[in-house]
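The block underneath contains the structure these notes are about, expressed in structure tokens.
Residues take their numbers from the sequence shown, with the count starting at 1. Nothing here was measured: the structure is a model prediction, and the numbers come from that model. Numbering of ligands and ligand atoms starts at 1, following listing order. Heavy atoms only: backbone and side chains are in, while hydrogens, waters and symmetry mates are out.
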Amino acid sequence: MTGSDALVLGIETSCDDTAAAVVDRGVEVLSSVVSSQVDVHATYGGVVPELAGRAHLELLTPVIGEALGRAGVSGRDLHAVAATIGPGLIGSLLVGVSEAKALALAWDLPFAGVNHLEGHLFAALLDHPGIEWPVAVLLVSGGHTLLVSMEGPGRYRLLGQTLDDAAGEAFDKVARFLGLGYPGGPAIERAAASGDTGAFAFPRAMMGDGLDFSFSGLKTAVLHAVRRRPDASDADVAASFQQAVVDVLVAKAVRAAAAVGARGVCLAGGVAANGALRAALAEACTEVGLPAYLPSPATCTDNAAMIAAAAWWQLEHLGATPLDAGADPNLRLPLLV
Ligand code: KG4
Ligand code: ZN
């Protein structure tokens, strides 16, 4: 116990990870527990929303208990309780939001409903508290691919986004097609490690064309290539596919940084755990003389520490969320106009 009055319990249940964390003043992570539901969904090759909601119901209370225990605190020591309020799967969001509200009521604490995308943007601050603004953030997850100019906490301008599939979705679909299993991103990365990135000349869609992305053509190109060459090794397909995604993401992130005079480039979201993407972005940033902010892989993928960090800032600057605020599966990132 730190004796601080600034401890936030964060809860994250927007998709298939049940997570809870205790964070002090939005920066010091006292505990961060993530219980993955991979075993629940692996048989189906993807997340089954109804099963995800049920698994959260079973896992969340023990996960919160573990987060409090590891931090060495009890409800009495907390300053606020926060949960992801959207976007995500409604049945999953409801579990976290309901439990957070109930705990806030029981412990007489403020509740903060946090935007999951904003949580991912705050993840970088946990590992790099000294970031100089503005930074260009490439937020690449299972459901979103956004390029954002972050001018500071709460100050975001949208620079580009995907017109179809999210980057993580492309990894998941290609992995499924190749029979590499779920979740697809880490499976592709593992397979790609022994493959040739030049084995297939997959398209780099919209490469020279603005800051938006498109990944659905790439996915189709992979399907056609494998049907044409059924003897091709999974490793070569995975490596060539991964390289095509990385090339586009890195080129646009660096271009976005130049467009807004950013003082650094930051990665966020589950795909940001990808080693090839991290290495390529670091190299491209070195070439243009900008720092690359790469949160640790565990901070990139879904976790509750990022939710508690965003909540602390939100409570300080915007106040508590009313207890009648509902979960919103389609919540958008709040943008500067
Ligand atoms: O941020 P996240 O954990 O959950 C969402 O908010 O969607 O991102 C999950 C996505 C999945 O599509 C997963 O396949 C991808 O991130 N991912 C990866 C890697 N680890 C997770 N993609 C590529 N390489 C990885 N190592
Ligand atoms: Zn996420």
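Under 4.0 angstrom from ligand 1, the non-hydrogen atoms of His116 all belong to its side chain. The part of Asp172 lying near ligand 1 is the side chain, judged by heavy-atom distances below 4.0 Å.
For ligand 1, the atoms closer than 4.0 angstrom to any heavy atom of Gly168 are 12 (O). For ligand 1, the atoms sitting less than 4.0 Å from at least one non-hydrogen atom of Gly143 are 7 (O), numbered in the order shown with element in parentheses. Residue Thr301 has at least one heavy-atom neighbour below 4.0 Å for each of these atoms of ligand 1: 3 (O). Counting atoms of ligand 1 from 1 in the listed order, those under 4.0 Å from a heavy atom of His120 are 1 (O), 6 (O).
For ligand 1, none of its N or O atoms has an N or O atom of Cys300 under 3.5 Å away. Residue-to-ligand polar distances place Asn274 within reach of ligand 1: an N/O pair is separated by less than 3.5 Å. Note: an N/O pair closer than 3.5 Å links Gly142 and ligand 1 by distance alone. Ligand 1 has no nitrogen or oxygen under 3.5 angstrom from a nitrogen or oxygen of Gly269. Ligand 1 has no nitrogen or oxygen under 3.5 angstrom from a nitrogen or oxygen of Asp17.
Between atom CD1 of residue Ile11 and atom NZ of residue Lys101 there is a gap of 12.0 Å, rounded to the nearest 0.5 Å. Interatomic distance, CG of Leu89 versus OG1 of Thr13, reported as 9.5 Å (0.5 Å rounding).
Of the possible donor and acceptor atoms, none in the side chain of Asp24 sits under 3.5 Å from a partner among the backbone N and O of Val22. No donor-acceptor distance shorter than 3.5 angstrom exists from the side chain of Thr145 to the backbone of Ser141, with no hydrogens or angles considered. Although no hydrogens or angles enter the test, the distance criterion places a donor-acceptor pair under 3.5 Å between the side chain of Thr162 and the main chain of Asp164. Here the side chain of Asp17 pairs no donor or acceptor atom with the backbone of Ala19 at under 3.5 angstrom.
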Side-chain donor-acceptor pairs under 3.5 Å in residues 318-331, sequence neighbours left out?
unit_1 : atom_1 : unit_2 : atom_2 : d
Thr321 : OG1    : Gly113 : N      : 2.8
Asp328 : OD1    : Asn330 : N      : 2.9
Asp328 : OD1    : Leu331 : N      : 3.4

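Taking the charged nitrogens against the carboxylate oxygens, Arg70 and Glu66 do have a contact shorter than 4.0 Å, which makes a salt bridge.
For residues 248-270, the pairs satisfying side chain to side chain donor-acceptor pair (under 3.5 Å) are Glu132-Arg263, with sequence neighbours left out.
Among all non-hydrogen protein atoms, the one lying nearest atom 17 (N) of ligand 1 is Gly270 O, 3.5 Å. Of all protein heavy atoms, the one lying nearest to atom 26 (N) of ligand 1 is Glu189 OE1, 2.7 Å. Of the protein's heavy atoms, Asp302 N, 3.0 Å lies nearest to atom 3 (O) of ligand 1. The protein non-hydrogen atom at the shortest distance from atom 22 (N) of ligand 1 is Gly185 CA, 3.2 Å.
Around the Zn ion (ligand 2), protein atoms of type N, O or S found under 2.8 Å number 3.
Test Ile307, Leu267, Asp302 against His120 for side chain to side chain contact (heavy atoms under 4.5 Å, CB included) and you get one pass: Asp302.
Linking ILVMFWY residues whenever their side-chain heavy atoms come closer than 4.5 Å, directly or via other members, leaves Leu333 and Leu93 in distinct clusters.
With sequence neighbours left out, the side-chain contact (heavy atoms from CB on, under 4.5 Å) criterion links Pro129 to no other residue.
Outside the 6.0 Å centre-distance limit, the rings of Tyr44 and Tyr182 are not counted as a close aromatic pair.
At least one test fails for Arg176 against the ring of Phe171: distance under 6.0 Å to the centre or angle within 45° of the axis.
The shell of residues lying under 4.0 angstrom from ligand 1, judged by heavy atoms, excludes Gln242. Assignment of Cys15 to the shell around ligand 1 is not supported, since no heavy atom sits closer than 4.0 Å.
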